[in-house]
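Structure first, then comments.
Throughout, residue positions are numbered sequentially from 1 according to the sequence presented.
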Amino acid sequence: MPDSAQPAPTAASTDPVALGVMQGVPPPAEKTVRASDSTSWRFPNTRWSFSHQRELGPSAGIRRGPGAAAALPHALRDDLDAVPFTTQDGRAMTWGESVAENFTDGLVVLHRGQVVYETYRGALTPERPHLAMSVTKSFCGLLAAMLAHEGAIDPAALVTAYVPELEGSAFGDATVRHVMDMTTGVRYREDYVDPDAEVRFYGVAAGWSRPPEGYAGPTTVFDFLKTLKKQGEHGEAFAYKTCNTEVLGWIVQRAAGQAFADLLSERIWRKLGAEEDGYVMVDGAGFALCGAGLNVTTRDLARFGEMMRLGGTFNGQRVVPEAVVADIAGGARTEDFAKAGYVTLPGWSYRNQWWVSHNRFGAYTARGIHGQVCYVAPGAEMVIARFASHPTAANGNGPLDRVSLPAYEAIGAHLSGA
């Protein structure tokens, strides 16, 4: 009997331009993507929607300011697509094959500050921001670490010293450091396929998910955070939970007396010499989704990564204190991280909302579901900025890591001659 199973989707077979998604004025009903009916979160519509978030929901602008964009010299190479490597599950692959397999939308590789590889696919173009998902967390963690360096935030203080509204929640006896490094004991399941997981109701509060029938729960992120309860003790193990970042974002904005978008603009985007404005999605009350809402261009994400690689300097000025970058790059306790059970990330740790590899290149990375990455590898003098719309939303990005992490190391070795 012939096999009637449908072939697995590929980047080519789900290309939104080839499929006619959102083309026409108006587009046909079956090709229309909306936030109101959640079609914007259904694959392969995500191959269009991740590059068009501003058309789908409310957002706050991250201004680049009036200055000229910082130069990104191009020295494109034609030898990278053929670089071979072996995936974590034992498959032979090349860099070029991995770019397609991971449903890449935009990709920039910098070596010693020069663009050596750049590609855009699907609905993404160089000037268009893309949803960064949990890469946003690393921007929030960086702002928190900068404020801590300045003395505006005390990591050893209780969360309630800054946000007394969380007194009766899981965070009532947690410290800011517990939140920064995600070692809180809070009941919050980051399971994207479980309809009863807390992350689903975070999505409802954020305005990203339709509420279930009869829903009478929180409709803003701040109100949602007040409902969370403890599970276990703080400080005992790393556990990746977006609610921590939203609490940290609340602390950061209150300590600084500024909205998240304005802070990013003032502290980073204007100094970075970004090429384009960015933006961040906001909830129904207008507050930024600090755990997942950032949208920036691929080149500007690469600029950000290069600033981190250079120890906090870029565009002729210091953007981030060197000590803050060093603290992130040094990582945290690997034994705490190991308890989370990420089989694709042995020996890693998590510091200030950044994932730290402790590999031969000293790489650390901002990461988001569906394949969003800012990978900083000082030992290889390399930065990789990637946006993607992979069909799998996996906590930890395991399906992509098996391909991406060996690919990054192979490119780093190739570029550096290691």
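A 4.5 Å side-chain heavy-atom check between W269 and V296 finds at least one atom pair inside the cut-off. In this structure the side chain of I268 reaches within 4.5 angstrom of the side chain of L142, judged on heavy atoms. Within the 4.5 Å cutoff, side-chain heavy atoms of I251 are placed close to those of V163. Looking at heavy atoms from C-beta onward, Q88 lies in side-chain contact with L405 at the 4.5 angstrom threshold. In this structure, R386 and S404 have side chains that are in contact, with non-hydrogen atoms separated by less than 4.5 Å.
Looking at R303 and E275, a side-chain N of the basic residue comes within less than 4.0 Å of a carboxylate O on the acidic one, giving a salt bridge. Between R299 and E118 there is a salt bridge, since a side-chain N of the basic residue sits under 4.0 Å from a carboxylate O of the acidic one. In summary, R309 and E306 engage in a salt bridge, as defined by a charged side-chain N under 4.0 Å from a carboxylate O. Ion pairing between R187 and E198 holds under the 4.0 Å rule for side-chain N and carboxylate O. Checked for salt-bridge contact, R91 and E97 miss the test: no charged N lies under 4.0 Å from a carboxylate O.
Checked by atom type, the side-chain pair R54/S59 shows a donor-acceptor distance below 3.5 Å. Between the side chains of S389 and D105, a donor-acceptor pair is found at a separation under 3.5 Å.
Between F337 and F238, the ring centre distance stays below 6.0 Å. You'll find the ring centres of Y342 and Y240 outside the 6.0 Å limit. A ring-centre distance under 6.0 Å is not found for F103 and F50. Taking the six-membered ring where the residue is Trp, the centroids of W348 and W355 are separated by 6.0 Å or more.
Test T242, N352, N244 against K137 for side chain to side chain donor-acceptor pair (under 3.5 Å) and you get one pass: T242. Between M281 and the choices L289, L294, T136, the side-chain contact (heavy atoms from CB on, under 4.5 Å) rule is met once, by L289.
The distance from the NE2 atom of H414 to the CE atom of M382 is 11.5 Å, given to the nearest 0.5 Å. Rounded to the nearest 0.5 angstrom, L147 CG and L263 CG are separated by 6.5 Å.
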Discussion item. Walk me through whether D15 and R47 qualify under salt bridge (charged side-chain N to carboxylate O under 4.0 Å, His left out).
Written reply: CA-CA 7 Å; D15 184 285; R47 304 221 56 214; 5.0 Å; no

Worksheet entry | S49 vs L56, side-chain contact (heavy atoms from CB on, under 4.5 Å): CA-CA, chis, key distance, verdict | CA-CA 8 Å; S49 66; L56 295 167; 3.6 Å; yes

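S349 approaches G331 most closely through the heavy-atom pair OG-CA, 3.4 Å.
Contacts classified as salt bridge (charged side-chain N to carboxylate O under 4.0 Å, His left out) and involving residues 62-75 (residues at least two apart or in different chains) are given here: R63-D277.
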